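Only one structure is covered here, and it is reproduced in the block below.
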Amino acid sequence: AQSVSQHNHHVILSEAASLELGCNYSYGGTVNLFWYVQYPGQHLQLLLKYFSGDPLVKGIKGFEAEFIKSKFSFNLRKPSVQWSDTAEYFCAVNEAGTASKLTFGTGTRLQVTL
Amino acid sequence: EAGVAQSPRYKIIEKRQSVAFWCNPISGHATLYWYQQILGQGPKLLIQFQNNGVVDDSQLPKDRFSAERLKGVDSTLKIQPAKLEDSAVYLCASSRFEAAGGEQYFGPGTRLTVT
């Protein structure tokens, strides 16, 4: 069975600080990897995704993530956060080459202070 | 293109009552998902449809939950009777590709409170 672990439940950063959110997954096969974001009062939106190829993927709003297969990790990074990045971030995985269900982590709440 | 639509946005019911949620996916999306998100947790799949057939309902509590997707478009999710632990946000998502790991687009969700 698939599982996803997000180690940071609540992160507080000042504007302009760098961000790294951890995500590890457990699955016996090849996976697709996703980061979704939920801004306050809004629905889940895709931030970035990895299907194959270059393990460093770039998403919207300056976010990027690196897939490290040997570590089963897909950490999210941003060099300089803004107040508008305050949101909940979810890492998710599904079986590669399919439209199967997403297995989500428990989420990380990011609070950016001015 | 229009996003995934869900209604109602909020619902409060008493335990043992029934409730139904509606979802209209993005036009042309073959795959439709219902997820349950309990406070403090990530969404968990309840049921997945491809066109109007069920692909995965292994996590659906079938003694009280039911879902259908008529004509492969709209879908309804019903709970009867509701329990306190059903309090959650119910998310509908849709995906264009039938077997290529396409992105899932989420609706705004229905927040259910069972008292």
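In this text, all values refer to a predicted model and were calculated from it rather than measured experimentally.
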CG of B:Leu91 to CG of A:Leu102, rounded to nearest 0.5 Å, is 11.5 Å
same_hphob_cluster(A:Leu48, A:Phe104) at 4.5 Å side-chain heavy-atom cutoff: no
Please answer whether the main-chain N or O of B:Phe106 pairs with a side-chain N or O of A:Tyr36 as donor and acceptor at a distance below 3.5 Å. no
Taking the side chain as every heavy atom from C-beta outward, state whether A:Leu44 and B:Pro43 have any atom pair closer than 4.5 Å. yes
Which residues satisfy the ring pair (Phe, Tyr, Trp, His ring centres under 6.0 Å) test with A:Tyr50, sequence neighbours excluded? A:Phe67
Quick one: of A:His43, A:Gln6, A:Gln38, who has the most non-hydrogen atom pairs under 4.5 Å with chain B? A:His43
Less than 4.5 Å to any heavy atom of chain A: does that hold for the side chain of B:Gln104, its backbone, both, or neither? both
Does some side-chain heavy atom of A:Phe90 sit less than 4.5 Å from a side-chain heavy atom of B:Gln37? yes
A:Leu19 with A:Ile60, same ILVMFWY side-chain cluster at under 4.5 Å: yes
State plainly whether one hydrophobic cluster holds both B:Val19 and B:Leu77, where clusters connect Ile, Leu, Val, Met, Phe, Trp and Tyr through side-chain heavy atoms under 4.5 angstrom apart. yes
Same cluster (ILVMFWY, side-chain, under 4.5 Å), A:Trp35 and A:Tyr25: yes
Can you tell me how far apart CG (A:Leu46) and CD (B:Glu103) are? Round to the nearest 0.5 Å. 4.0 Å
Taking side chain as C-beta onward, heavy atoms only, is B:Tyr35 less than 4.5 Å from A:Lys101? yes
Connected via hydrophobic side-chain network under 4.5 Å: A:Leu47 and A:Val11: yes
